[in-house]
Amino acid sequence: MKAYLQQLLYRIKGSYWFIPSLMVLSAIVLSQVTIWIDRTVGNAWLQQYWFTSMNQPDGARALLATVAGSMITVAGVTFSLTILAVSHATSHFGPRLLDNFMRDRGNQITLGTFVATFLYCLLVLRVVRGGAVPESWELSVEAFVPQLSLFVSLVLTIASVGELIYFIHHVPDSIHISTVLRRLAIDMSEKFDELYPETLGQALDEEQEVPSLSSDFLHTVRSDVTGYLQGIDDDELIQFAKEQSAVVRLIKRPGDFVRRSEIIAEVTRMAKWDEEHAKTVRHGFAIGYSRTPTQDVFFILNEFVEVATRALSPGVNDPFTAMQCIDWLSDGLVQLSQRKLPTRYRMDEHDELRIITTKVTRADFVQSMLWQLVPYVRNDRNASIYFIESMKRVIEISNCKPLNELIQEPIRDLEKALEDEN
């Protein structure tokens, strides 16, 4: 359940409607509160402040109608510019960066501000009343102008104008390649801090002897759906293994594509094994239609490589963007060199082996960060030279000999390609 909740939270945060919806809801509540204050407290107390003015019914209606009409128009323009920015990003940087733009707080708050202001003015407008009523209506209606609500609408309007000025600056900045790569670099650093894959139970010290298993892995768990493995629920799998006095070995890791009926886990011999046990293990795997960076740092690394390969394509021919990607990837390698990768073996609080994860090595990172990029860098001399120089700097900084040896291989490959070219 934990893995599913993580993915749900990721989707909600990445939804363009989430923050605007909260702001619209807040505008509805605020309008009802200010109207209630106007009705119960009255408006006399506002007259002592110089920055307030008493409006007549006709003027109040005109003001609210003007603001509401303007805000909904600007909201439409804002949404159009956002879609234009997203279209530009997906065509130049790759479709997998779409979530990064949809999660942009600046765009969400801007749209939410305009729509919330529009709805607030509309709700206040409906309660403004004049005193004149035709005699034939047999109706007695007193004039009511919610002065506090009108003042709040002016404040929201001023805030919306300020938000519009910010948005005009924010849109071109958000699609600038430096901003895009900086956001990816922040995500990469955060995921490295979590040491992918996320720790399942307590990590066994690599210096300790791995405990022997009491039985072989006889029971297999197959997926009942097709999609990408987005996350693994460590708590649920640990609890299952403890209750059954078993060990669960994971066959897939977050980011892998899982086909229906494909083995995703194996369990050691149990006194009783049935489909309910297999279903419990399946609940520990969150499988969806796309990869997400929640527990998959390789997804972020692939985004860097995707931007770089698109930049080096003949249709774009932008080696300087590729060089920026190489810079951030080199920073990722430096961070990796300073960290200790977790062991595959995970223990519970009683030091009993419960989970065996898929093995993640430094070679996997080098393959994802460098070797996938080498064929494209090889075709551009400037990018090749820059790649070699950047990786040599990484080796100078890094104290991790196994990682340095792995980095040397693509360096030698590109140096040989440059020699052959000459």
Side-chain angles (χ1 to χ4, degrees), residues 85-101 104 172-192 255 291 293 296-337 362-398 403-404 406-422:
V86 170
S87 175
H88 171 84
T90 54
S91 61
H92 286 76
F93 307 139
R96 271 150 292 280
L97 289 172
L98 178 61
D99 285 348
N100 297 38
F101 288 90
D104 188 280
D173 180 68
S174 65
I175 61 177
H176 194 280
I177 185 59
S178 297
T179 304
V180 174
L181 296 181
R182 177 175 58 83
R183 290 174 180 170
L184 286 178
I186 293 173
D187 292 340
M188 177 181 65
S189 296
E190 291 176 351
K191 291 306 169 184
F192 276 139
R291 293 175 66 183
D296 183 12
V297 69
F298 290 98
F299 176 74
I300 301 174
L301 302 179
N302 291 156
E303 289 181 316
F304 274 115
V305 174
E306 180 177 8
V307 174
T309 54
R310 283 175 174 266
L312 293 173
S313 65
V316 178
N317 192 23
D318 180 15
F320 295 100
T321 294
M323 292 176 186
Q324 284 186 275
C325 293
I326 293 171
D327 287 335
W328 288 114
L329 287 173
S330 65
D331 177 69
L333 288 170
V334 171
Q335 294 184 49
L336 185 64
S337 69
R362 291 183 176 85
D364 295 327
F365 286 99
V366 172
Q367 172 65 31
S368 180
M369 301 168 75
L370 301 184
W371 279 113
Q372 290 185 356
L373 188 56
V374 164
Y376 302 91
V377 172
R378 190 184 293 121
N379 296 326
D380 189 287
R381 181 178 179 81
N382 292 327
S384 296
I385 295 174
Y386 196 85
F387 182 99
I388 294 171
E389 293 177 349
S390 297
M391 293 306 113
K392 286 183 177 180
R393 292 194 188 98
V394 172
I395 293 175
E396 292 175 359
I397 299 172
S398 170
L403 179 63
N404 292 345
L406 292 169
I407 297 175
Q408 284 284 4
E409 296 180 14
I411 291 177
R412 287 193 290 266
D413 182 273
L414 290 177
E415 286 178 337
K416 185 177 183 302
L418 288 175
E419 291 177 0
D420 295 342
E421 182 180 339
N422 295 331

| request: Sort out for me which residue in Leu301, Ile300, Asn302 forms a side-chain contact (heavy atoms from CB on, under 4.5 Å) with Pro293. | output: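 Filter result, single survivor: Ile300.
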Looking at [atom1] of [X] and [atom2] of [Y], how far apart are the two atoms once the value is rounded to the nearest 0.5 Å?
X      : Y      : atom1 : atom2 : result
Leu414 : Arg381 : CG    : CZ    : 12.0 Å
Arg182 : Asp187 : CZ    : CG    : 10.5 Å
Leu336 : Leu329 : CG    : CG    : 11.5 Å
Asp413 : Trp371 : CG    : CH2   : 4.5 Å
Asp331 : Arg393 : CG    : CZ    : 13.0 Å
Phe387 : Asp380 : CZ    : CG    : 13.0 Å

| task | Establish, from distance only, whether the side-chain atoms of Gln408 and Asn404 form a donor-acceptor pair under 3.5 Å. | result |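 Looking only at side-chain atoms, Asn404 and Gln408 do not form any donor-acceptor pair under 3.5 Å.
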Contact summary for [X] and [Y], nearest pair of heavy atoms:
X      : Y      : value
Arg378 : Ala417 : CG-CB, 3.6 Å
Gly255 : Asp296 : CA-OD2, 3.2 Å
Gln324 : Ile177 : OE1-CG2, 3.5 Å
Pro410 : Val374 : CB-CG2, 3.8 Å
Met188 : Trp328 : CE-O, 3.5 Å

Sidechain-backbone polar pair: [X] side chain, [Y] backbone, donor-acceptor under 3.5 Å:
X      : Y      : result
Ser398 : Val394 : no
Thr179 : Ile175 : no
Ser384 : Val377 : yes
Ser330 : Asp327 : yes

Quick one: does [X]'s side chain get under 4.5 Å of [Y]'s, heavy atoms only?
X      : Y      : result
Asp364 : Phe298 : yes
Glu409 : Leu370 : no
Met369 : Val305 : no
Pro319 : Asn317 : yes
Ile385 : Leu418 : yes

| If you measure from the Lys or Arg side-chain nitrogens to the Asp or Glu carboxylate oxygens, is any gap between Glu306 and Arg310 under 4.0 Å? |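 Salt bridge: yes.
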| Can you list the steps and then say if Met391 with Ile326 is a side-chain contact (heavy atoms from CB on, under 4.5 Å)? | CA-CA 9 Å; Met391 293 306 113; Ile326 293 171; 4.1 Å; yes
| query | Passes salt bridge (charged side-chain N to carboxylate O under 4.0 Å, His left out), Asp420 versus Lys416? Steps please. | reply | CA-CA 6 Å; Asp420 295 342; Lys416 185 177 183 302; 3.2 Å; yes
| request: Applying side-chain contact (heavy atoms from CB on, under 4.5 Å), run through Thr309 and Gln372 and close with a yes or a no. | output: CA-CA 9 Å; Thr309 54; Gln372 290 185 356; over 6 Å; no
| request: Show your reasoning for whether side-chain contact (heavy atoms from CB on, under 4.5 Å) applies to Leu403 and Phe365. | output: CA-CA 9 Å; Leu403 179 63; Phe365 286 99; 6.0 Å; no
| request: With side-chain contact (heavy atoms from CB on, under 4.5 Å) as the test, would you mind laying out the steps for Thr321 and Val307 before giving the verdict? | output: CA-CA 8 Å; Thr321 294; Val307 174; 3.9 Å; yes
